[in-house]
Amino acid sequence: IYFHSGEGEIFVALKGKCMNTSKSETVKEHPLKPSRRSMPCLAQSQTHPQSLSKHSSFLQPNRVQPQPLSAGTSTATVDVVSQRDGGKDKDTYTDDSEHGNYDTRTDQSLLIKNKLTRQKTEPRTKSSLKSDAMASSGLFFKDGKKRIDYILVYKKSSPQVEKRSTFEKNLRAEGLMLEREPAVTNSDIMFVKIHCPWETLCKYAERMNIRMPFRKKCYYTDWRSKTMGSLQRNIRELKSWLPRNPMKLDKEALPDLEETDCYTAPFSRARIHHFTINNKDSFFSNSTRSRIVHHVLQRTKYEDGKSKMGINRLLNNGTYEAAFPPHEGSHKSRHPIKTHGAQNHRHLLYERWARWGMWYKYQPLDLIRRYFGEKIGLYFAWLGWYTGMLIPAALVGLFVFLYGLFTMDSSQVSKEICEANETIMCPMCERNCTLQKLNESCIYAKVTHLFDNGGTVFFAIFMAIWATVFLEFWKRRRAVLTYDWDLIDWEDEEVRSQKYIKFVISMIKVSVSIHIVCQSSEFVTQIIFVFISLVLTAVFAVVVYRLVAMEQFASFKWYFIKKYWQFATSGTGVCINFMIIMSLNVVYEKVAYLLTDLEHPRTESEWENSFALKMFLFQFVNLNSSIFYIAFFLGRFAGRPGKYNKLFNRWRLEECHPSGCLIDLCLQMGVIMVLKQMWNNFMELGYPLLQNWWSRRKMKRRGQSMENKISLPQWEKDWNLQPMNLHGLMDEYLEMVLQFGFTTIFVAAFPLAPLLALLNNIIEIRLDAYKFVTQWRRPMPARATDIGIWYGILEGIGVLAVITNAFVIAITSDYIPRFVYAYKYGPCTDQGYRQEKCLKGYVNSSLSVFDLSELGMGYSGYCRYRDYRAPPWSSTPYEFTLQFWHVLAARLAFIIVFEHLVFGIKSFIAYLIPDIPKDLCDRMRREKYLVQEMMYEAELEHLQRERKKNGKQYHHEWP
């Protein structure tokens, strides 16, 4: 067994169990330089305790070295000092147990350091000056020692004084320390700084089952793993000679924050001696401290009563204006990061992640997780994984598009349309349309070939398989992340919804039977169908607009619009449809919020899942209803010349272009996708920027100069930032899931959709990063093991995509009619192969003949229209021909075969790919065993030390 400690390896020969070694059994190696990754674990290493203590002594030069800890060793003495500030009482609190000073650079041992050097202890006068500087930085209390873990903001003019005082009194009773500070820019604003002392942290870490490091990891090695290890070292040496991957972040630029070198266990005060406590000030990370304080805030009462508790209710009733954990300082520095290092993790995140110049770099997921929590880190991990998986899809889609571009001039169908100088097409509207020649549709035919060519079917099958591979490999990636982030055994503590508690209490008071709840859920279902019907009504309104505009554009004064009246009709219809979509989205958000409250979900997670599902259903139907209409209904029920179907017996239904309906579908998808992404990016970044600019403008009006702004404490700078969205990450996930639907559902009609999604996501990652780091207050670091209900929605979209693409290829595109003609009616009939020459005469075969004299408009002769009907001189004029039934049967057969084939491939791939990698399963099983053994050994060592301390005999071996 060997211990891995940063840059070196120490091999230990063991007869018994791991970690039970003596110094004589240790193979001597060269002195090891401690890595940043192993620093939290140095104090508990069992191989060289003396040398490791030397290392740890200079890693924290300005902090008091902690004494050996045991349960109940550290006690907090709280002194309350009443001071007068502006005529109002102000309480400050000191904790005698926490005498170690914090370094102004947060978790300095984890930030960039080119060299670790010993530093002399500063004189006491300098340390006092340093404490004053730390207090003025806005990260500590006035004494410069107690770190601010949470900020509460309230208005002095608020009438909820009694609730606030009771709440703060109960917070002090729970062990938290509070300090008030008036705002610099607004005399009505008061900040309450909260610090969680060591004893309170330990108490709630035990209650919350927070896992903390307690031993360094040991890895089992046999001859096979040793051989593979030497092989991997040789491969790494070989790679060092190769050019460096530009997408990887420089290891020297980021601290190694992967806390995977230590085994973890649920924290326990009774076994506090088991854990790696090198310094109690940095044992709990800042995000963990904020999470513990938030846990206390949610469960502290402000009045008598079961539901009279929690910071959320106080925020809703106006007792407090805001509650948030503070940022770790400014995200900018006057000195370059390469020479002076990062000031804090926020500065490091900005320089190595949120800047636009880092768009091509991998994301520092471990640093994101450490600063923002696992829930936000998992979102960016999923977004990065989705963006990376879009690269092959975008390349294949671009290849299909380029194939259509290069074969556009050689396409037999395009040639026949462009050379049809004598083919007269029937008028496509009633009054203002004139007869047109078929060759006037030459441009439309060539553009249609870009998206409807031989690679369309292949790309549709590829994207269906791609969606399955993306989801299956994401499950594996998620399993690795949950293991690395120590979330395997973590279970979310369900928080009872405050609205549900209030609802239950109201039901008890009025003695209403439970059937009202069932009636409310039925009412919610009815409301959902009503608003979905509203979406369909909006689509119907757009259809009516297209019918009316078609006649107007056909007689327009401008020649360009009159010539391309179909393009003008489709373009303006898409823009109007987009404005309706964005307007209805605002309405649907409020409706979804109201309907979710009417359901009365029991827990917060149930509320979030229900709200997310309703928002997705509303916006999905709103966004895709017009696309479904163009794909499957446009031109299908128009009728034929002389017998057209009319809406309200007034407006003739719209027909497809002579080159097909696919060009309208491509235009609809392209415009909506591009405009929606631009609008979302503006609302995500532009709107917060405008709000923050307006806040700075109001500060200037109050006489605050930029110099005063620079000297503002950190909590006031954070107060001037925008809060995170009310629904958390729901809007971020919803945007990406809707984009995933665009990328997969109609990808057969628009193969450039993955490329547009890839370009948007590259911007989206840095835009979200910039927003989280610079424009938003720091969100509460929450934990999560997966992406929640969104994974099931993605799976549903993948199934719908297979069905939709089958219908698009079979019905919307001309792939099946060309296929039937080539094998049954063309010059290559029954020859067993298909080439472009086999489509010779296809255009003439796909057009039917109509007698213009039957229109009664003064025309004579014949015109052509898209359909498979008998000519007027046949015995059964204008009836469907045999070719029509052949094409219809081929379309239905293709849908069945395509769906079964693709679903079979998807199921087979999902069966082949395990959800958890095999090596990860082996590691998890072995570590579970080792953790139990190490807990026993640690307890035995503690008992032996106690016996030796008391002068009793003890055994070196197991009893």
Side-chain angles (χ1 to χ4, degrees), residues 245-249 353-363 365 379-405 450-451 455-456 458-474 477 623-624 627 666-685 731-771 787 790-791 793-794 797-798 801 804-805:
N245 185 359
M247 298 179 67
K248 288 185 177 180
L249 290 166
W353 179 50
R355 285 195 307 111
W356 298 104
M358 308 298 290
W359 65 271
Y360 62 96
K361 294 286 188 179
Y362 292 139
Q363 299 183 89
L365 294 178
Y379 162 72
F380 280 104
W382 176 82
L383 181 57
W385 182 260
Y386 172 46
T387 304
M389 290 294 292
L390 279 174
I391 294 177
L395 292 177
V396 176
L398 183 62
F399 173 78
V400 172
F401 178 80
L402 293 177
Y403 172 78
L405 181 64
L450 295 176
F451 306 100
T456 303
F458 162 76
F459 188 56
I461 297 175
F462 172 82
M463 287 303 297
I465 298 174
W466 172 87
T468 302
V469 172
F470 161 65
L471 294 176
E472 292 299 322
F473 276 96
W474 163 246
R477 174 62 174 161
L623 195 63
N624 293 281
I627 299 177
C666 294
L667 179 65
Q668 183 84 7
M669 287 190 61
V671 172
I672 290 182
M673 189 173 185
V674 172
L675 290 180
K676 190 174 188 303
Q677 289 178 351
M678 293 174 61
W679 175 258
N680 289 336
N681 291 339
F682 169 76
M683 292 301 296
E684 288 185 7
L685 182 61
D731 292 335
E732 315 296 334
Y733 277 116
L734 180 61
E735 178 187 355
M736 290 296 103
V737 169
L738 291 175
Q739 184 202 83
F740 181 80
F742 259 98
T743 307
T744 54
I745 293 180
F746 291 98
V747 73
F750 192 59
L752 291 180
L755 180 61
L756 294 179
L758 174 62
L759 298 176
N760 175 78
N761 286 6
I762 292 174
I763 300 174
E764 181 75 19
I765 290 177
R766 306 303 160 181
L767 187 146
D768 285 346
Y770 184 83
K771 178 177 60 179
I787 61 176
W790 300 108
Y791 184 84
I793 294 176
L794 291 172
I797 291 176
T804 306
N805 283 307

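None of these values were measured; they are calculated from a predicted model.
Heavy-atom minimum distance, F451 versus P751: CD2-CD, 3.4 Å. Closest heavy-atom contact between I765 and G384: CD1-CA, 4.2 Å. Scanning both residues, M669 and F742, for their nearest heavy atoms gives CE-O, 3.8 Å. Nearest heavy atoms, P754 versus M463: CG-CE, 4.1 Å. Residues Q677 and L756 approach most closely at OE1-O, 3.9 Å, considering heavy atoms. Heavy atoms only, all atoms of each residue included: G741 and I797 are closest at CA-CG2, 3.8 Å.
Here the side chains of W466 and V747 are not in contact, with every heavy-atom distance at 4.5 Å or above. Side chains of Q739 and N761 form a contact here, defined as non-hydrogen atoms less than 4.5 Å apart. Residues V396 and F458 form a side-chain contact, since some pair of their non-hydrogen atoms from C-beta on lies under 4.5 Å apart. Counting only heavy atoms from C-beta outward, the side chains of F401 and L755 never approach each other to under 4.5 Å. At a threshold of 4.5 Å between non-hydrogen side-chain atoms, the residues L390 and F740 do not count as touching.
Going from atom CD of E732 over to atom NZ of K771 covers 3.5 Å, rounded to the nearest 0.5 Å. For the atom pair CG of L752 and CG of L758, the computed distance is 12.0 Å after rounding to the nearest 0.5 Å.
Ring planes of F462 and F459: parallel class, angle under 30° (limits at 30 and 60°). Relative orientation of the W790 and Y733 rings is parallel, given thresholds of 30° and 60° on the angle between their planes.
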Show your reasoning for whether side-chain contact (heavy atoms from CB on, under 4.5 Å) applies to T743 and Y386. CA-CA 12 Å; T743 307; Y386 172 46; 3.7 Å; yes

Q) Between I745 and I627, does a side-chain contact (heavy atoms from CB on, under 4.5 Å) hold up when you go through it step by step? A) CA-CA 11 Å; I745 293 180; I627 299 177; over 6 Å; no

- Query: Would M736 and W382 satisfy side-chain contact (heavy atoms from CB on, under 4.5 Å), going step by step from the backbone distance to the final call?
  - Reply: CA-CA 10 Å; M736 290 296 103; W382 176 82; 3.6 Å; yes

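At distances below 3.5 Å, not a single donor-acceptor pair connects side-chain atoms of T456 with backbone N or O atoms of A749. The main-chain N or O of T744 is found under 3.5 Å from a side-chain atom of N805 such that the two form a donor-acceptor pair. Looking only at distances, a side-chain donor or acceptor of N680 sits under 3.5 Å from a matching main-chain atom of K676.
Every side chain to side chain donor-acceptor pair (under 3.5 Å) that Q668 has, sequence neighbours left out, goes to S626.
Ring-centre distance between W474 and F470: not below the 6.0 Å cut-off. The aromatic ring centroids of W353 and F380 lie less than 6.0 Å from each other.
Environment of CH2 in W359: sparse, with no more than 12 heavy atoms of neighbouring residues, nucleotides or ligands closer than 6.0 Å.
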